[in-house]
Amino acid sequence: QLRAAIECHPSSITLDYLELYGLRESVGQVQDAGIPCRVASPRILKPNEHNVTRFLLSLECDLLVRSGGLLYELDSRHSAEPLPPLDGDFSLNIANAISVGKFLDMGLRRVTPTHDLNAQQIVELAKLASPSRLEVIAYQHMPVFHMEHCVFCRFLSDGTDHTNCGHPCEKHRIAVQDSSGRQHAVLADVGCRNTVFGAEAQSAADHMHSFLEAGIRQFRLEFVHQETEQVGGIVTAFQRFLDGHMSVA
């Protein structure tokens with residue numbers, strides 16, 4: 001996925017990795033290609049995980065902040081050390097112009113509206129807030145559930161936690177199958193928490209004209225298990241549309 005994304009040369013690349021190992025090298029690959037790099041933080045930051053914050057800051061690249069706890073910690077560090085550009089993700093539950101203003105006042109460069117808003121409500125939000133400070137997710141498998149329980153450890157290991165499970169999450173892909181037979185991908189993060197992603201990818205292609213008319217210019221494409229060709233094709237399609245070379249019809 002990273003190679004395919006670099007070849008498309010988008011305006012930026014966000015890395016959301018299972019493990020911290022290898023992340024620094026990938027940041028270097030993106031930066032060496034002349035592309036601004038951003039790293040996504042874990043969705044949850046616990047009191048004893050401050051070392052994760054220190055590592056993220058050591059990467060010296062933009063950060064996608066996913067939790068209020070991390071934002072609070074970064075704000076407390078601000079007086080002692082310079083911070084990289086910070087963006088707020090949908091999980092901060094920013095749903096109206098008041099919350100947009102509050103989070104921007106806390107030092108965020110831009111924010112992603114909560115998934116509780118539909119496309120029309122995002123357009124209405126852009127009319128009330130600064131559209132240039134909004135980032136909209138235009139393609140994704142919706143992260144529908146996040147939990148402490150590790151499915152990988154429970155079903156693919158005789159261990160009890162990351163110290164003795166053998167890290168099956170690094171070797172296997174698993175999914176939860178619903179009553180309709182749809183496969184919802186499950187991914188683990190650096191804290192061994194699991195996120196369940198919706199089976200079908202959701203695209204905002206039909207709403208792109210409305211977003212652009214509202215003044216929104218920052219769009220994110222998120223990938224889960226897409227292969228190289230799929231990543232390249234999807235990124236290229238959105239690039240061609242934004243460049244005026246393709247219609248959404």
Side-chain angles (χ1 to χ4, degrees), residues 1-5 13-23 26 39-46 49 52 64 66-67 89-93 95 112-119 121-122 136-208 219-238 248:
Q1 289 181 345
L2 180 57
R3 287 195 300 270
I13 291 178
T14 300
L15 303 176
D16 184 8
Y17 277 22
L18 163 65
E19 291 283 1
L20 299 181
Y21 307 111
L23 185 53
S26 294
V39 171
S41 75
R43 298 181 189 274
I44 299 294
L45 185 69
K46 292 185 176 182
E49 295 177 340
V52 175
L64 181 63
R66 286 175 160 169
S67 68
D89 206 2
F90 76 92
S91 48
L92 295 178
N93 292 322
T112 296
T114 174
H115 289 335
D116 291 296
L117 300 186
N118 59 32
Q121 290 168 331
I122 292 176
V136 171
I137 302 175
Y139 179 92
Q140 69 168 336
H141 287 266
M142 181 79 75
V144 296
F145 191 72
H146 186 69
M147 57 187 172
E148 173 74 12
H149 176 66
C150 182
V151 182
F152 292 88
C153 182
R154 170 65 179 82
F155 292 102
L156 297 177
S157 170
D158 294 327
T160 56
D161 58 32
H162 72 280
T163 63
N164 55 22
C165 69
H167 293 202
C169 55
E170 298 177 3
K171 308 177 185 71
H172 300 278
R173 290 184 180 181
I174 65 173
V176 177
Q177 180 171 299
D178 64 21
S179 58
S180 300
R182 298 179 302 169
Q183 300 280 336
H184 304 272
V186 180
L187 272 71
D189 69 7
V190 66
C192 297
R193 273 86 74 175
N194 287 189
T195 304
V196 181
F197 293 85
E200 292 84 17
Q202 299 187 14
S203 172
D206 291 340
H207 307 289
M208 292 296 291
F219 301 99
R220 190 194 321 165
L221 311 178
E222 294 188 346
F223 302 103
V224 179
H225 286 322
Q226 282 84 353
E227 300 297 334
T228 301
E229 295 77 11
Q230 294 174 295
V231 172
I234 294 167
V235 173
T236 300
F238 275 92
V248 297

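To the nearest 0.5 Å, atom CD1 of residue Ile234 and atom OG of residue Ser203 are 8.5 Å apart. Taken from NE2 in His172 to CZ in Phe155, the straight-line distance is 14.5 Å, to the nearest 0.5 Å. Gln1 CD to Thr228 OG1: the interatomic distance, rounded to the nearest 0.5 Å, is 7.5 Å. Once rounded to the nearest 0.5 Å, the distance linking CD of Gln183 with CD of Glu200 reads 11.0 Å. How far CG of Asp16 is from CD of Glu222: 7.5 Å, rounded to the nearest 0.5 Å. Atom-to-atom distance recorded for Arg66:CZ and Asp189:CG is 8.5 Å, nearest 0.5 angstrom.
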For residues 136-146, dump all side-chain donor-acceptor pairs below 3.5 Å to protein atoms at least two apart in sequence or in another chain.
residue	atom	partner	partner atom	Å
Tyr139	OH	Gln226	NE2	3.3
Gln140	NE2	His115	NE2	3.4
His141	ND1	Gly198	O	2.9
His141	ND1	Ala199	O	3.3
His141	NE2	Gln226	NE2	3.0
His146	ND1	Asn194	O	3.4
His146	ND1	Thr195	OG1	2.8

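The two atoms that bring Ala188 and Cys169 nearest to each other are CB-CB, 4.0 Å, heavy atoms only. Of all non-hydrogen atoms in Pro113 and Phe90, the two that sit nearest each other are O-CB, 3.4 Å. Pairing each heavy atom of Val151 with each of Met147, the nearest pair is CG2-CE, 3.4 Å. Shown here for Val190 and Pro42, the closest heavy-atom pair between the two residues is CG1-CG, 3.7 Å.
Judged by distance alone, the side chain of Lys46 and the main-chain N or O of Gly191 form no donor-acceptor pair under 3.5 Å. A distance-only check finds a donor-acceptor pair linking the side chain of Ser157 to the backbone of Cys165 [under 3.5 Å]. Looking only at distances, no side-chain donor or acceptor of Ser180 sits under 3.5 Å from a matching main-chain atom of Arg182. Of the possible donor and acceptor atoms, none in the side chain of Glu229 sits under 3.5 Å from a partner among the backbone N and O of Ala4. Distance alone, capped at 3.5 Å, places no donor-acceptor pair between the Arg193 side chain and the His149 backbone. At least one donor-acceptor pair closer than 3.5 Å links the side chain of Ser41 to the backbone N or O of Leu64.
Residue-environment remark: CG (Asp158) stays at or below the threshold of 12 foreign heavy atoms within 6.0 Å.
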Go through Arg220 and Thr112 one step at a time and tell me if the side chain to side chain donor-acceptor pair (under 3.5 Å) criterion holds. CA-CA 9 Å; Arg220 190 194 321 165; Thr112 296; 2.8 Å; yes
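Looking at Asp89 and Ser91, their side chains never bring a donor and an acceptor atom within 3.5 Å of each other.
Between Phe152 and Leu187, every side-chain heavy-atom pair lies at or beyond the 4.5 Å cut-off. Residues Ser26 and Leu15 meet the side-chain proximity criterion, which asks for heavy atoms closer than 4.5 Å.
Checked against side-chain contact (heavy atoms from CB on, under 4.5 Å), Val235 has the following partners two or more places apart in sequence or in another chain: Cys8, Leu221, Phe223, Val231, Gln239.
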